[in-house]
Amino acid sequence: MVVFSNRRLGAGVQLVLPPEIAAAVLRAIAGAARPFAQVRWEHELVRWLEDRAFGLGDRDSLDVGEIAWSPDHFEPQQRFVVAAIERAREASEHAPTLERWSQMIEAHPRDSVQFGRLWQWQPTA
């Protein structure tokens with residue numbers, strides 16, 4: 001199972017999904033974000049979501065804090081992710097899961113964003 005979480009909100013705020021569902025959700029968000037990506041961070045987010053979807057295994061987790069938020073641009077970044085999730089929800093059989101993930105993103109506290117946070121990419125074989 002794959003755990004989607006927001007550690008800053010506590011252990012009770014998480015989704016536990018089979019890897020294939022988690023991967024489908026991440027690919028759907030990436031697909032919904034791609035046509036609207038304009039700045040470097042948005043394009044990196046799309047690649048990161050695809051990378052995470054490709055590499056998910058049975059004991060993986062994905063926390064909202066792993067997104068490489070930048071303190072100076074947190075609010076527009078957060079809006080971009082939430083909007084992508086909303087677009088993905090419209091055509092997804094996993095709409096309730098996407099809604100819960102969106103709520104975790106929206107509730108992410110700005111004060112938890114660290115300066116210099118980098119994307120963590122899956123190791124390549």
Side-chain angles (χ1 to χ4, degrees):
M1 299 305 266
V2 177
V3 177
F4 281 29
S5 63
N6 186 330
R7 287 184 202 108
R8 290 294 305 243
L9 302 179
V13 181
Q14 59 182 232
L15 291 163
V16 180
L17 306 168
E20 57 278 1
I21 302 295
V25 164
L26 295 177
R27 283 192 304 271
I29 298 167
R34 184 179 297 103
F36 296 90
Q38 295 180 357
V39 299
R40 178 180 171 182
W41 185 91
E42 294 166 352
H43 290 285
E44 288 175 349
L45 172 73
V46 169
R47 287 197 328 264
W48 181 78
L49 290 166
E50 291 170 338
D51 180 69
R52 290 303 308 262
F54 179 75
L56 285 177
D58 278 338
R59 295 188 174 177
D60 280 330
S61 64
L62 179 69
D63 190 80
V64 174
E66 293 176 43
I67 297 173
W69 306 108
S70 72
D72 293 341
H73 304 286
F74 175 68
E75 286 83 6
Q77 290 169 348
Q78 187 181 42
R79 285 191 301 271
F80 180 80
V81 176
V82 169
I85 294 170
E86 285 300 312
R87 287 188 300 274
R89 260 186 52 197
E90 292 172 6
S92 176
E93 63 185 291
H94 307 296
T97 299
L98 285 158
E99 173 63 23
R100 292 212 33 224
W101 183 237
S102 179
Q103 291 169 351
M104 285 186 230
I105 301 284
E106 288 179 290
H108 194 60
R110 186 189 196 293
D111 67 354
S112 68
V113 176
Q114 302 171 350
F115 181 76
R117 177 95 173 119
L118 301 174
W119 298 106
Q120 299 297 309
W121 303 98
Q122 296 293 333
T124 57

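Every heavy atom of this structure was used, including side-chain atoms; hydrogens, water molecules and symmetry mates were not.
- A distance of 11.5 Å separates OG1 of T97 from CD1 of I85, quoted to the nearest 0.5 Å.
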Between side-chain atoms of residues 7-20 and protein atoms elsewhere (two or more places apart, or another chain), which donor-acceptor pairs fall under 3.5 Å?
residue	atom	partner	partner atom	Å
R8	NH2	D111	OD1	3.4
Q14	NE2	A11	O	3.2

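- Distance check: H94 NE2 to R100 CZ gives 15.0 Å after rounding to the nearest 0.5 Å.
- Hydrophobic clustering (side-chain heavy atoms under 4.5 Å, transitive across Ile, Leu, Val, Met, Phe, Trp, Tyr) keeps V82 apart from V46.
- Put simply, CG on N6 and CG on L62 are 10.5 Å apart, with the number rounded to the nearest 0.5 Å.
- Under the 4.5 Å side-chain heavy-atom criterion for Ile, Leu, Val, Met, Phe, Trp and Tyr, L49 and F74 are members of the same hydrophobic cluster.
- For the atom pair CE of M1 and OG of S61, the computed distance is 13.5 Å after rounding to the nearest 0.5 Å.
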### Stepwise side-chain contact (heavy atoms from CB on, under 4.5 Å) check, W41 with H73
CA-CA 10 Å; W41 185 91; H73 304 286; over 6 Å; no
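- Checked against side chain to side chain donor-acceptor pair (under 3.5 Å), S112 has the following partners two or more places apart in sequence or in another chain: H108.
- Between W48 and L45, the closest side-chain pair of non-hydrogen atoms falls below 4.5 Å.
- Listed for the E42 side chain is a donor-acceptor partner under 3.5 Å among the backbone atoms of Q38.
- W69 places no side-chain N or O within 3.5 Å of a backbone atom of R110 that could act as its donor or acceptor partner.
- Considering CD1 of I105 and CZ of R79, their distance stands at 14.5 Å, rounded to 0.5 Å.
- Here the closest heavy-atom approach between residue A28 and residue A88 is recorded as O-CB, 3.6 Å.
- A salt bridge is defined here as a Lys NZ or Arg NE, NH1 or NH2 lying under 4.0 Å from an Asp or Glu carboxylate O, and R89 with E86 meets this definition.
- Contact detail for S5 and D63: the closest heavy-atom pair is OG-OD1, 2.7 Å.
- Evaluation of the ring-ring contact (aromatic ring centres under 6.0 Å, His included) rule for F80 yields no partner, not counting sequence neighbours.
- To the nearest 0.5 Å, atoms OG (S92) and CZ (R87) are separated by 14.0 Å.
- The two residues F4 and A22 make their nearest non-hydrogen contact at CE1-CB, 3.7 Å.
- Without hydrogens or angle criteria, W101 side chain to L26 main chain gives no donor-acceptor distance under 3.5 Å.
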